[in-house]
Amino acid sequence: MIVAEGVCKDYHSETRGHWRRVLSDVSLTVKPGERVALLGRNGAGKSTLIRLIAGIELPTRGTITRTMSVSWPVGLEGGVGGSMTGHDNIRFMARIYDKRYEDLLAYVEDFAQLGRFLSEPVRTYSTGMRARLNFALSFAIDFDCYLIDEIIAAGDARFQRRSHEEVFEKRTDRSMILASHIPDIVKQYCSRALVLHHGRAKMFDDLDLAADIYNDL
Amino acid sequence: MFSEALKTQRRVWTALFMREMQTRWGRRNLGFAWLFAEPLVFAFPVLAIWSVIRAPFEHGVPVTTFVWSGYMPLLIFRHVTGRALYVVRNNVALLYHWRITPFDIFVGCCGLEAVGNMASVAFSFGVLYFLGAILWPHDLPEMFLGYFYMTWWSFDVAMIVAALSERFELVEHIWMVVSYIYMIISGFMFMAVWLPVPLREVALTVDIPLVIYESVRGGLFGDRIMTFPNLPYVTIVLAVLTLVGLWLMRNVRTYVEVT
């Protein structure tokens with residue numbers, strides 16, 4: 001279970017020298033097996049909330065407790081290192097997360113289909129290829145809860161189909177928090193949606209209602 | 001439980017060390033060897049110039065050995081502290097993995113430098129001694145102990161700079177000035193015995209790098225010249241600085257914006 005209570009996050013504004021509030025009193029509970037969407041426009045605080053849940057940054061106020069293993073925010077950026085090759089990244093993750101390199105490699109080779117590119121530095125990858133590697137690694141490591149930042153829309157049709165299989169057919173017992181600004185994707189993947197606007201948040205069990213409210217914002 | 005945590009810590013540091021070596025030196029370059037070659041590439045021209053322009057002995061100490069004993073500790077300090085400024089910010093993508101803390105990132109960069117530099121001290125000592133450029137030390141373990149303390153000192157300074165630079169931008173500017181002043185006051189070019197007595201008393205209390213230099217040179221020169229090592233005092237000061245550094249590192253996460 002993941003429980004966020006009264007979470008606030010302030011960032012120091014570099015140009016104006018004061019603090020700006022990015023998240024204001026946000027609460028959220030995610031149970032095992034639940035799929036929750038974070039729906040909001042660019043800059044609404046989705047990615048910030050994901051980073052707080054991942055434990056990358058600390059909330060200014062409020063608490064976040066995790067009683068299940070949580071993935072890193074799987075997205076287009078971060079997670080994998082650019083100047084390392086695909087193989088180096090796999091080896092790095094195997095060490096960090098205490099997995100066998102051979103197991104991760106086998107899974108990534110099959111899932112990401114990067115072929116000889118695994119021996120090239122990740123910075124030479126296209127966006128879609130980087131997303132495939134990032135996604136494949138997070139699936140290979142096996143978390144209780146996946147944090148996904150706008151990524152399912154990336155990648156080609158085959159990759160989308162494989163991801164869909166992985167998330168919805170093989171791992172139905174896993175939780176997922178999906179940040180997105182596309183209501184259709186949210187409706188397809190999630191059972192509840194937290195709509196974020198100017199740092200404030202409201203939870204909806206009715207995804208159609210959430211989408212309507214979001215479209216009217 | 002505790003041994004489990006230690007194992008995790010060891011795995012994380014190993015992973016970061018490997019990554020650091022790969023990203024820094026690449027796979028096809030000189031790689032690991034550069035760690036050992038670099039001090040020599042710096043040291044040879046400096047030693048060559050000094051040994052030409054100076055008499056072989058000054059103040060009763062052999063000049064090339066004195067220069068080596070001044071230059072290596074300075075290299076250690078510059079290397080270990082060299083990337084401390086904004087080290088967490090510069091490697092912020094690593095924080096994506098919650099097991100990796102800001103302190104781990106710091107150790108991955110500056111700790112690797114510390115270990116590598118200790119090894120390269122031994123290596124450059126071996127090479128230069130073999131070439132006849134420096135004398136066999138009066139007390140080899142004491143000299144290396146001095147180098148160890150110099151590395152520890154550099155590690156402490158690096159940790160404090162790393163933590164504070166994420167918090168105050170002023171640190172960047174101050175650090176530029178400090179690292180120049182350091183060259184003058186560190187003992188790179190002088191020994192405590194050359195100072196007038198009242199100044200020496202003060203220097204041996206507040207100028208920690210000078211006191212460490214005295215250990216290195218005490219081990220090297222023995223009775224040739226008077227040195228004032230004080231390892232018990234330095235141990236206490238460095239232990240306190242380590243604690244201060246760890247305390248400052250503890251909430252760096254609050255100040256770093258991951259994008």
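To find a chain, count down the sequence lines: A is the first, B the second, and so on, and within it residues start at 1.
- For B/Arg83 and B/Phe106, the positive end is not near the middle of the six-membered ring at less than 6.0 Å and at most 45° from its axis.
- A/Tyr146 and A/Phe143 have perpendicular rings, their planes meeting at more than 60° on a 0 to 90° scale where under 30° would count as parallel.
- Proximity to chain A is limited to the side chain of B/Arg99, based on heavy atoms less than 4.5 angstrom apart.
- Proximity to chain A is limited to the side chain of B/Leu94, based on heavy atoms less than 4.5 angstrom apart.
- Relative ring orientation between B/Phe77 and B/Tyr182 is described as parallel, the plane-to-plane angle staying below 30° on a 0-90° scale split at 30° and 60°.
- A donor and an acceptor atom, one from each side chain of A/Tyr101 and A/His87, are located under 3.5 Å apart.
- The residue among B/Lys7, B/Arg19, B/Arg11, B/Met18 with the most heavy atom pairs within less than 4.5 Å of chain A is B/Arg11.
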